[in-house]
Amino acid sequence: MPDLESQLRSALKRKCAPENLADDVMARISSQPALKPGWWSRAGRLVRVPRMAWAMAGALALALIVGGIVAHHRAELDRSRGEAAKAQLKEALRIASTKLNGTWKKAVEPVRRTPPS
Amino acid sequence: MVFSIAYHFFHDPTTAEDVSQDVYLRLYQNLAAILSPEHMFQWLRQVTSRRCIDLARRNPARALVSLEDAPEPTADEMDSDPLLARKVRRVVAALPEDARMVLILRYQEDLALEEIAEILEIPINTVKSRLQRSLAHLRDRLESVGEISRHAGP
């Protein structure tokens with residue numbers, strides 16, 4: 001016995017349209033008044049250039065996004081450079097401080113060891 | 001395709017022709033929105049489905065014609081078992097509109113469930129449940145008259 005799905009495919013297979021359907025459709029189209037372009041149609045013509053406007057809008061959006069990413073990256077780079085500069089300055093001050101401390105110690109301790117006369 | 005969807009939905013060639021004319025007129029009016037041939041087919045299926053379901057809901061008396069009043073099958077649609085095919089169509093025609101359209105899109109247009117969900121703008125789980133319930137109903141109705149075997153097919 002045939003299975004249900006194959007029976008459904010057989011029973012619901014495409015049925016041909018009557019031969020006069022195309023003529024009837026064309027007759028209805030011909031009897032339609034010419035469509036006046038509405039304001040939306042006139043505005044739509046600005047973007048009706050075949051997909052070009054969408055492609056341009058997409059390219060612009062992409063350029064903006066890429067530009068934003070680049071700007072953000074540069075800001076991050078500047079910030080990190082600033083942080084590095086700060087770190088270097090701190091290190092320099094520490095070293096300088098150490099050296100100064102060492103020099104100070106060398107200069108001061110002998111004086112302290114020498115009892116006052 | 002358009003005529004066929006409407007025909008299997010209403011089982012009435014006159015209504016199917018009216019629906020087809022409406023759909024093709026709308027296509028003409030919306031040609032600028034069609035992006036490709038594939039898009040056109042998708043658009044036609046969607047508009048036809050919507051039109052059929054809306055018409056059936058607005059005018060239940062017109063929703064379908066009894067199979068006794070349906071015209072005799074022509075040579076191009078002779079089935080291997082015309083009586084069984086008529087019974088299948090009768091049971092399909094008695095289904096609720098939404099379930100009926102799911103079956104037509106699945107077995108006439110051979111669409112995947114995701115495509116049917118997109119065309120009818122319903123969740124895919126809804127498509128699955130309608131399909132399963134419809135198949136179960138069909139199976140029960142046809143098994144009771146011994147037309148199909150319980151153990152054949154899914």
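Worth knowing before you read on, the calculation uses all heavy atoms, side chains too, and leaves out hydrogens, waters and symmetry mates.
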Side-chain heavy-atom pair [X], [Y] within 4.5 angstrom cut-off:
| X | Y | value |
| --- | --- | --- |
| Arg106(B) | Leu12(A) | no |
| Leu21(A) | Tyr24(B) | yes |
| Arg9(A) | Asp110(B) | yes |
| Cys16(A) | Phe3(B) | no |
| Met1(B) | Arg14(A) | yes |
| Val25(A) | Leu25(B) | no |
| Asp22(B) | Arg28(A) | yes |

message: Please classify the contact of Val92(B) with chain A as side chain, backbone, both or neither, using a heavy-atom distance under 4.5 Å.
response: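 Just the side chain, heavy atoms under 4.5 Å.
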
- prompt: What part of Leu135(B) is in contact with chain A, defined as an atom under 4.5 angstrom from a non-hydrogen atom: side chain, backbone, both or neither?
  reply: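 Both backbone and side chain.
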
- prompt: What is the minimum heavy-atom distance between Arg89(B) and Ala11(A), and which atoms define it?
  reply: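 Nearest pair, atom of Arg89(B) first, then Ala11(A): NE-O, 2.9 Å.
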
- prompt: Within a radius of less than 6.0 Å around CZ of Arg26(B), do more than 12 heavy atoms belonging to other residues, nucleotides or ligands occur?
  reply: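 Count not over threshold, so no.
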
- prompt: Which residues pass the side-chain hydrogen bond (donor to acceptor under 3.5 Å, both in side chains) test with Asn20(A), sequence neighbours left out?
  reply: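 Result, side-chain hydrogen bond (donor to acceptor under 3.5 Å, both in side chains) vs Asn20(A): Asp24(A), Glu17(B).
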
Any residue meeting side-chain hydrogen bond (donor to acceptor under 3.5 Å, both in side chains) with Asp98(B), in chain and number order, not counting sequence neighbours: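 Only Arg57(B) meet the side-chain hydrogen bond (donor to acceptor under 3.5 Å, both in side chains) criterion with Asp98(B).
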
query: Hey, is the main chain of Lys15(A) close enough, under 3.5 Å, to the side chain of His8(B) for a donor-acceptor pair?
result: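 A pair under 3.5 Å: no.
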
